[in-house]
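Notes follow once the structure below has been shown.
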Amino acid sequence: MTEKNLYHRHLVSMEDLSPDDVLQILQTAEVMKGVSEREVKKTPTLRGRTIINFFAEPSTRTRTSFEIAGKRLSADVINISASGSSLSKGESLKDMSHNFNAMNPDLLVVRHSKAGAPAQIAKWTGRLVVNAGDGRHEHPTQSLLDLMTIRDKKGSLDGLKVSIIGDIANSRVARSNLISMRKMGMSVTACGPATMLPVQIGRMADHVTTSLEEAVEGADIIMMLRIQTERLERTVFPNVREYARLFGLNSERMKKAKKNVLVLHPGPINQGIEISPDVVAGPWSVILDQVTNGVAVRMAVLYLLLGGGLNQS
Ligand code: CP
């Protein structure tokens, strides 16, 4: 396994990565975490490289961490949102992509509400593209930071039992993790109301249940998901109170969980709906570790895709 494995490849889907690729990113991310813990949090490795972060959907964690990641690697980082771009004046995504291209960036980070937009921008521009979340499709760097968090706490990934709970049909985080976790030898249970499970879930997960209690019991990892109201096309549950009653994780329900279980949530959290404040703040919660690891993973991805530190002759 060499640093060149990932050099000049897109990261659009977790299908793009082999288990060795994932391990290489996670190992590199551990080194990058060390950079973030120094007093001077910067390395010159991507000096002279230009990264455009194009976020056409709201974001707190992903956008901030990609910006921090690029800057800690000394790249020139430009952030642009849909509302602050000429898309708001009627410019098409294709025209905008060609205009980005004309400014000779090295890599584009793209978040968009339409599944497939990052792959399409990669085709139009021929530039390296990292998917920062596209519609219901995928969010690969979120999955990588989830894997890093679990591996840090558990020592390895192979053989662990994960329960992903909530609005799976509308979640790109669930989709990326269903691919990557099974690829890394983990067993994944999908849990949610039947109306929030995709029709193909039987092929995507190792086990499917509509019982929260069943999903909690025996899991090494519990990953809670927000209801993706921005992507709901119809009413899929009676009301929020009913959803919280049946599918909200609270400390009472945590009594059924393993003692050393980890609770993850990609954020943003709707406290009191899918997860109660005492679980968010409880000893199982690694939710803020996920955020810390998001910077490290994104530094690793940018570094490996752009060949930072390599003699590329
Ligand atoms: N997890 C995640 O993608 O959060 P943001 O939407 O804040 O980036």
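In listed order, ligands and their atoms are each counted from 1.
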**Message:** When you compare ligand 1 with Thr60, is there at least one nitrogen or oxygen pair between them that comes in under 3.5 angstrom?
**Reply:** yes
**Prompt:** Should you measure from each heavy atom of Gln142, which atoms of ligand 1 turn up under 4.0 Å away?
**Reply:** 1 (N), 2 (C)
**Request:** Indicate the ring-plane relationship of Phe54 and His112, choosing parallel, tilted or perpendicular according to the 30° and 60° boundaries.
**Result:** tilted
**Expected output: side-chain His10 to main-chain Leu128 donor-acceptor under 3.5 Å** = no
**Item:** Heavy atom of the protein closest to atom 4 (O) of ligand 1 (residue, atom name, distance)
**Value:** Arg61 NE, 3.1 Å
**Prompt:** Could a heavy atom of Glu57 be found less than 4.0 Å from some atom of ligand 1?
**Reply:** no
**Request:** Considering only NZ, NE, NH1 and NH2 on the basic side and carboxylate oxygens on the acidic side, decide whether Glu214 and Arg253 come within less than 4.0 Å.
**Result:** no
**Prompt:** Below 3.5 angstrom, do we get any N/O pair linking Pro266 and ligand 1?
**Reply:** yes
**Request:** List every atom of ligand 1 that sits less than 4.0 Å from any heavy atom of Gly267, numbering the atoms from 1 in the order shown and giving each element.
**Result:** 1 (N), 2 (C), 4 (O)
**Request:** May I ask you to check if Arg298 and Phe66 form a cation-pi contact, with NZ or CZ under 6.0 angstrom from the six-membered ring centre and within 45° of the axis?
**Result:** yes
**Atoms of ligand 1, numbered as shown, that sit under 4.0 Å from any heavy atom of Thr62** = 2 (C), 3 (O), 4 (O), 5 (P), 8 (O)
**Request:** Check the side chains of Gln290 and Asp146 for a donor-acceptor pair under 3.5 angstrom, ignoring hydrogens and angles.
**Result:** yes
**Item:** Protein residue, atom and distance nearest to atom 6 (O) of ligand 1, heavy-atom basis
**Value:** Arg111 NH1, 2.9 Å
**Item:** Backbone N/O of Thr43 and side chain of Ser74: donor-acceptor pair under 3.5 Å
**Value:** yes
**Message:** Testing the basics here: between Leu225 and His265, what is the closest heavy-atom pair and its distance to 0.1 Å?
**Reply:** C-NE2, 4.1 Å
**Asked** Contact between Gly133 and ligand 1, counting heavy atoms under 4.0 Å?
**Response** no
